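Have a look at the structure below, then the notes.
Excluded from the calculations below are hydrogen atoms, water molecules and symmetry mates; all remaining heavy atoms, backbone and side chain alike, are included. Keep in mind the model is a prediction, meaning the values are calculated, not measured.
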Amino acid sequence: MKNKIVIMLAILLVVSGLTACKTDKQPGPLKLVATTTMLADLAENMGKGRLEVTGLMGPGVDPHLYKAGAGDVDLLQHADIVLINGLDLEGKMGDVLESLKKNGRKVISLEDGLDSSRLLRDEENRDIFDPHVWFDVSLWQDAARYVCGRLCELDKDGENIYREQLDLYITELEELDDYIKIRVAELPEDMRVLVTAHDAFQYFGHAYGFEVKGLQGISTTTEAGTGDMIELADFIAERRIQAIFIETSIPPRNVEALQAAVNSRGFDVKIGGELYSDSLGDAQSGHDSYIATFRANIDTIVESLKSEG
Amino acid sequence: MKGLLSLLGDYTFRVVSLGAVLMGLISGLIGSFSVLERRSLLGDAVSHAALPGVVLIFLLTGSKSTEALMFGATLSGLTATFMILGIIRFSRIKFDSALALIMSTFFGFGLVLLTYAQKQPNAAQAGLDRFIFGQASAMLNSDLYIMLIAGSVLLALTLMFWKEIKLFIFDREYAHTLRFSPRKMDILLSAMTVTAIIVGLQTVGVILMSAMLVAPAAAARQWTNRLSVMVVLSSFLGGISGLIGTLISSLTVKIPTGPAIVVVASTFVIISMLFAPGRGIISRRWHRKKAVKTYQKEG
Amino acid sequence: MNCFLDILGNYVFVNSRGLDLNIGGELYSGSLDDTQSSSDSFITTSLNNVDNIGEKNNEIKRKNVLEIEDLTVAYAENPVLWDVDLNIPEGQLVAILGPNGAGKTTLIKSALGLVPRISGRIRFFPSDREKPATDIAYVPQSESVEWDFPATVLDVVLMGRYGHLGWIRRPRSEDYEIARDMLRKVGMMDYSSRQIRQLSGGQQQRVFLARALAQQADLYLMDEPFKGVDARTELAIVDLLRNIQAQGKTVVAVHHDLQTVKEYFNWVVLLNIQVIASGPMRDTFNEENVRLTYRRTEPAKRGGKNR
Amino acid sequence: MSAAFEIQLIAALVAVACALPGVFLVLRRMAMVSDAITHTVLLGIVTGFFLTRNLESPILLVCASLTGVFTVWLTELVYKSKLISEDASICIIFPLLFSIAIILITRYAGNVHLDTDSVLLGELAFAPFDRLYVMGRDIGAKGIYISFALVAINLVFILLFYKELQLATFDANLAAALGFVPGIIHYLLMGLVSLTTVGAFEAVGSILVVAFMIGPPVTAYLMTDNLKKMIVLSAVIGLFNAISGYHLATWKDVSIAGSMAVMTGFTFLIVFLFVPRRGLISVLIRRYRQRYIFAEKTLMFHLWHHEGTPKEEEEALYKTIRLHMHWDKKFAERVVKKLLSDGRVILEGNLLKLSEKGRQESRRDRRELLG
């Protein structure tokens, strides 16, 4: 008798649970959900006023390790448009969101919009791409153009606003690009070496002529071996690289160990401060927009690498 | 590829191998007791149960310093251990079920806290759950000091309470009649095990810590019938696995140090299971064959 | 049903008559709480008049080494031991007999404080303590331990000395001496460096015995010392018990074999959740008591069930 | 179907699917096997990836399930040698396989975003967006069909082999004697556990699988001894944990899987404390109360025994009864007052006497307790 009551109780609960949440469509600005903070910022700039943009991942969240909350369900459920990075950055979540395209849900994935020839491939596995496209400003401009195009398709009457916003933003991005190039020029050729905790900055190196070395592979599941640490420390000491960088989403101890290794080789390397790798900064730090974050990154990089001992 | 000799001079190799050896010694020492007490799975459970402690400490203090997080992890690990012991004592639930239950509940709670922290505006919480689960190659001098201190305390405790631990693991009820209170012994052994685990987490991470707690001890058990020899051998095997693992991981690129250490330790287990005199499978079969031969000769 | 202290502290035993039980108790004078230390000095008035005992009132002068009073132990709802009053006289070989589930092992374990009890008081004499100390030795069943433990026979026997050493202090050479001595006594000297898993059941039992002897205790509480033991070893163990008794020590052993109990022991406690009868073998181990004890199970004559 | 409904449906189905084999894992003391399998799943995924070089192919899931069985087989191999205990063998095998997986990933797939979270969705929050299309029509979240299949397979397996499972669980050698080869049942069960773990992993994530598989059965184990009831109860408790966990998650906007694990722990705690008979509180109360219950029974025996005997006056005197029972004053008074108040004993003059009701109870006690 006892467990019959328990069964009824459970069913009662299930029913009450279901009725609680209804899906309602309010008019007003289109709701866009972007996975990473970079995409949210991009969408924000595109759809001034026409789009209500929310980012799934908060600042400082590493997309590889993102743990979803229950609130994300409603967010995605009520989203008119979903903007994702693709190229496997968001892992299985990305594939799931992408599959929403099939049943008419409006999804924009950079993976479809970017010209794959410009994307960096993994040496061994040819059809796997490096997803950190936002580190190449020109690529990010293509992304902006693609997103704007898709937005015009999906939201016809907002077209001219989107076009206007796009031009504005592209000019801003061009300014950023020039600023980066000027700053990079301040560095002598052989000083342009960027050493970070994990291998997220290939596009940056590719675009602005930096040699990029990461302690870990792209995915944070991999573990750096002592051999990698030794090899990297030799490299830094030989090339007399002034600074190496910590990332917000990776424990600093990895880079601190690298610094100690280099110091043991008689070359005093500094930790050049924190770079934003897989997400933008937070509001307090003022680097909560793509442009501000990139500026902060490039300033940190150049300032630390420039100061010759 | 670096030559072996130049490797010895290399700072990173020295620090990481020293750390790995220390971790191997500690987990070999304490692991022997866990294995004999049939509580080897405690290592795995405590490593998972540490997560809520870590996130709570971060939420309360906002700091991600190693000491603070390790303190949170130890608290969380100890609470989980005593809950498990409590469940076994006051109900008919067996040790492994209580372990699986507490481990998954604590880890679930940790996940809840993590996603709660993730929603906070500040970016400091990035990669929080990676913080407690260290990487062998990222060994720092400060880690060595922590391990040295923890190691010596654990060694001192083991030497001081050697006969009590031996008696307690072998025959708990008899120990009780000799007025060695089982509750005090349970607390002592659990605290020692949790400390060894949390310290080890810093170097090899969650999964590998439970292996390092068990593999050296299981291997050592095959070679001797004396507890003292087993514990010494187990620490030695732990240390050696740490050294060889680091060596392998240093000689070539892209071999993670933690997993390499575990693979080496597991090979020791397999070797011991096969070849240990008197107890190993191969050696027993060889003896049997020899006995049969001599029997035929005489018969 | 159980035995009483009569006026001058010597022994009067009674067995139950007929089906209903005679639960008497000693009527203590008011001064019970502040009695002097040793048992034979407090004065009791025997409640039960002597005549209903139905046998000669043998005036044996005896001191108790263990007094159990009003002991009730229950795991779930039903009691395993109920209102047990039992006094173990000094210098006797005492057998605890009873059917399966009679609470024999529980009686030993609750005396040693290993099992929580619902009510009742346990007092050891002459030390007049409630909890056992080094002068009380426990010999558990050999299956109660994981024998794959890395220890030699000598290591296990040495454990008997740990009680005297207390916390932290390490065994000294004379402790080793005593341990070897006890090994010699139980005839296991040439196994001293052997790993314990390689021993037979009987040998393991003797190791536990040697361990208890190493404690040099006055009272030995043994849980089925003859279980799973071959005939030859059984006789060896009996000699040992007699040897212990000869030194004036007391042995209490859970036993299951009705055939051999008469030979091996000179005192018997018939137990079936309650103490049916307890006293010298001659007077207590009779057809009627045994029938009463084993009434729930098949007739007594076929020997203990768990041989 | 709204997303919330789909999530709860999937969670409920997975809860039931996990609870069914979980019962046998708990009863056969193999609870930690489920934890071991969730870890070695990574090696299955890695081998699957190297075979197919594509992250989405179902072969990865097949390999993952096979690795589960392989883990159990390997652990068994080590443990059967009798040189190492069972829990130690588990603790050697699964970290070894996990380490091999990490080494393989680092060496050959460092830049591929290859880890358990990237291959197996393992996040309930996204389950409703992972749709299943048949002939172009969206027939609901894929998770529903996976978890439904899991429940079906588990149910069929348990219904089909209930006898054998029961035997193999409670008495392996008896099962062998009766001709059921426990080995087959054992590995079938392990295969099922492994499949359920991988399937559930895809729907709800790794650690929750262990919570779902072990939590409810352990809770049910406290409530009943009967195997059938235990299975039903586990499924129901799992269901409850899933639904309540979901609501906890939406209320605080936290990880759904995490909240369900927390609810599993919470339900266990409640049952652990309050279940009648075996619950901690009832055990403590009973232990405290029993002292008085037995004392009352002993006193009634005492009165019944001395009834009508010449010595009755002396034995049953109200004032001196406590001395006969050698109880302290307070205790004796409380017992006597209780007996008088519920009419089992009556006071005649200054003598205590058994009432008719008291006598019945004493007779029943005598028979029941002392046989």
Strictly distance-based, threshold 3.5 Å: is any side-chain N or O of B:R92 a donor or acceptor partner for the main-chain N or O of D:Y221?
yes

Just so I understand: if I count every heavy-atom pair under 4.5 Å between each of D:S81, D:G245, D:A88, D:S99 and chain B, which residue has the most?
D:S99

Between B:A215 and D:I92, the two heavy atoms sitting closest are CA-CG1, 4.2 Å

Return the minimal non-hydrogen interatomic distance between B:V214 and D:C91, and the atom names on each side.
CG2-CB, 3.5 Å

Whatever's closer than 4.5 Å to a heavy atom in chain B on D:M260 counts as neither

Counting only non-hydrogen atoms closer than 4.5 Å, does D:V26 touch chain B with its backbone (N, CA, C, O), its side chain (CB onward), both, or neither?
both

Is any side-chain heavy atom of B:R39 closer than 4.5 Å to one of D:D87?
no

Return the minimal non-hydrogen interatomic distance between D:I103 and B:A260, and the atom names on each side.
CD1-N, 4.1 Å

For D:I90, is it the side chain, the backbone, both or neither that has a heavy atom under 4.5 Å from a heavy atom of chain B?
side chain

CZ (B:R172) with more than 12 external heavy atoms under 6.0 Å:
yes

Non-hydrogen side-chain atoms of D:D35 and B:D44 separated by less than 4.5 Å:
yes

In residues 261-268 of chain B, which residues are in contact with chain D at a heavy-atom separation under 4.5 Å?
B:V262, B:V263, B:S266

From D:E86 atom CD to B:S40 atom OG, the distance as rounded to the nearest 0.5 Å:
10.5 Å

In the structure I gave you, are the side-chain heavy atoms of D:L222 and B:S91 within less than 4.5 Å of one another anywhere?
yes

Any donor-acceptor N/O pair, B:T115 side chain to D:V254 backbone, under 3.5 Å:
no

Checked B:Q222, B:M209, B:M83 vs chain D; the most non-hydrogen pairs under 4.5 Å come from B:Q222

Could you go step by step and tell me if B:F106 and D:V262 meet the side-chain contact (heavy atoms from CB on, under 4.5 Å) rule?
CA-CA 7 Å; B:F106 266 61; D:V262 167; over 6 Å; no

Can you find a heavy atom in the side chain of D:F94 that is under 4.5 Å from one in the side chain of B:S210?
yes

Within a radius of less than 6.0 Å around CZ of D:F266, do more than 12 heavy atoms belonging to other residues, nucleotides or ligands occur?
no

Spatial distance of atom CE (D:M32) from atom CZ (B:F95) [nearest 0.5 Å]
8.5 Å

B:I87, part contacting chain D, at a heavy-atom distance under 4.5 Å
both

Pairwise distance CE(D:M213) to OG(B:S104) - rounded to 0.5 angstrom:
11.5 Å

Locate the shortest heavy-atom distance separating D:I102 from B:P256; write the atom from each residue and the value.
CG2-CG, 3.9 Å

Min side-chain heavy-atom separation D:I84-B:M273 under 4.5 Å:
yes

How about B:M103 and D:I214: do any of their side-chain heavy atoms sit closer than 4.5 Å?
no

For B:D96, which atoms come within 4.5 Å of any heavy atom of chain D: side chain, backbone, both, or neither?
both

Going from CE on D:M30 to NZ on B:K94, what distance comes out if it is rounded to the nearest 0.5 angstrom?
15.5 Å

Does some side-chain heavy atom of D:F272 sit less than 4.5 Å from a side-chain heavy atom of B:L101?
no

Heavy-atom cut-off 4.5 Å, strictly under: side chain, backbone, both or neither for D:L280 against chain B?
side chain

Under 4.5 Å heavy-atom distance to chain B, tell me which part of D:V78 shows up: side chain, backbone, both or neither.
both

Hey, what do you get for CG (D:D253) to OH (B:Y116), rounding to the nearest 0.5 Å?
10.5 Å

Could you measure the distance from the CG atom of D:N241 to the OG1 atom of B:T105? Nearest 0.5 Å is fine.
9.5 Å

